[in-house]
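Please read the structure below before turning to the comments.
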Amino acid sequence: LVITTPRFDSPFARVMNRKWYCIFPAHIHYFTRKSLIQVLDKAGYEIIKNKTHTRYLPFSYVTKRAMQTFNPSLISKKQSSKKASLIIPINLGDESEVYAQKKN
């Protein structure tokens, strides 16, 4: 079983609070590391691997999103140019990829 889910108890999620990008209606349940382990255990699974996601995003996108979140008044109403942007790795530790197997 492979599950990808936001980590509701991650430091980034806690800092962002209601501005955290993973809070939206499509998610019907949020998991902490502990609650996900409990759900899997109750269903008869054990976690064999747990890692966080690294996303590769344009630097311009990351800076624009940060400005929108923390100071929207800095965003120009004009569309930014479509120039190529440096791609950077981002791992906020707020999304888990969990591999589990049925217990023996």
Side-chain angles (χ1 to χ4, degrees):
L1 174 69
V2 179
I3 298 171
T4 300
T5 185
R7 268 197 57 218
F8 201 67
D9 61 338
S10 71
F12 186 71
R14 290 175 188 244
V15 166
M16 295 303 293
N17 200 0
R18 293 189 183 274
K19 290 185 177 185
W20 186 39
Y21 67 95
C22 288
I23 296 179
F24 55 90
H27 292 143
I28 57 174
H29 189 80
Y30 296 97
F31 293 99
T32 63
R33 185 175 297 239
K34 183 179 177 181
S35 68
L36 185 58
I37 290 169
Q38 289 172 339
V39 166
L40 289 170
D41 184 59
K42 188 174 180 179
Y45 286 88
E46 62 182 339
I47 294 175
I48 55 173
K49 185 177 180 182
N50 188 354
K51 65 180 192 173
T52 58
H53 282 287
T54 298
R55 295 172 190 88
Y56 294 85
L57 302 169
F59 180 75
S60 58
Y61 173 79
V62 173
T63 56
K64 182 179 178 181
R65 287 297 303 260
M67 287 191 298
Q68 286 173 332
T69 300
F70 298 110
N71 195 348
S73 64
L74 293 177
I75 300 293
S76 167
K77 295 203 187 295
K78 289 196 281 183
Q79 279 286 7
S80 60
S81 68
K82 301 284 185 187
K83 292 180 184 174
S85 179
L86 175 68
I87 303 298
I88 59 172
I90 302 286
N91 188 332
L92 302 170
D94 63 344
E95 193 169 340
S96 288
E97 183 176 307
V98 177
Y99 298 79
Q101 66 184 11
K102 277 287 198 182
K103 295 178 186 176
N104 293 331

Establish whether [X] and [Y] are linked, either directly or via other cluster members, by ILVMFWY side-chain heavy-atom contacts under 4.5 Å.
X	Y	value
Y30	V39	no
M16	Y21	yes
L92	I23	yes

**Report entry** Test side chain to side chain contact (heavy atoms under 4.5 Å, CB included) applied to Y99 and I3, I48, N50, the passing residue
**Finding:**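 Among I3, I48, N50, the one meeting side chain to side chain contact (heavy atoms under 4.5 Å, CB included) with Y99 is I48.
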**Report entry** Heavy-atom neighbours of K102 NZ exceed 12 at 6.0 Å
**Finding:**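 Counting neighbours around NZ of K102, more than 12 heavy atoms of other residues, nucleotides or ligands fall under 6.0 Å, so yes.
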If you round to the nearest 0.5 Å, how far is [atom2] of [Y] from [atom1] of [X]?
X	Y	atom1	atom2	result
D94	F12	CG	CZ	6.0 Å
T5	E95	OG1	CD	7.5 Å
T54	I88	OG1	CD1	12.0 Å

Report task. Quick one: sort the H27 and F24 rings into parallel, tilted or perpendicular, breaks at 30° and 60°. Result ->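 Tilted, since the angle between the ring planes falls between 30° and 60°.
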Minimum heavy-atom distance [X]-[Y], with the two atoms named:
X	Y	answer
E97	T4	CG-OG1, 4.1 Å
A13	R7	CB-O, 3.7 Å
G93	S10	O-CB, 3.4 Å

Report task. Determine whether F31 and S96 make a side-chain contact, defined as any pair of heavy atoms from C-beta on separated by less than 4.5 Å. Result ->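 Side-chain contact under 4.5 Å: no.
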**Report entry** Chi angles and distances behind the side chain to side chain contact (heavy atoms under 4.5 Å, CB included) call for L40, E46
**Finding:** CA-CA 7 Å; L40 289 170; E46 62 182 339; over 6 Å; no
Query raised in the report: Can you pull the ring pair (Phe, Tyr, Trp, His ring centres under 6.0 Å) pairs that have at least one residue in residues 32-66, sequence neighbours excluded?
Result: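 Listed once each, the pairs would be none.
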Query raised in the report: Counting only N and O atoms by type, is there a donor-acceptor contact under 3.5 Å from the side chain of S60 to the main-chain atoms of S85?
Result: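 Checked: no pair found.
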Report task. Tell me, please, which residues at least two apart from T32 pass side chain to side chain donor-acceptor pair (under 3.5 Å). Result ->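 T32: side chain to side chain donor-acceptor pair (under 3.5 Å) contacts with S35.
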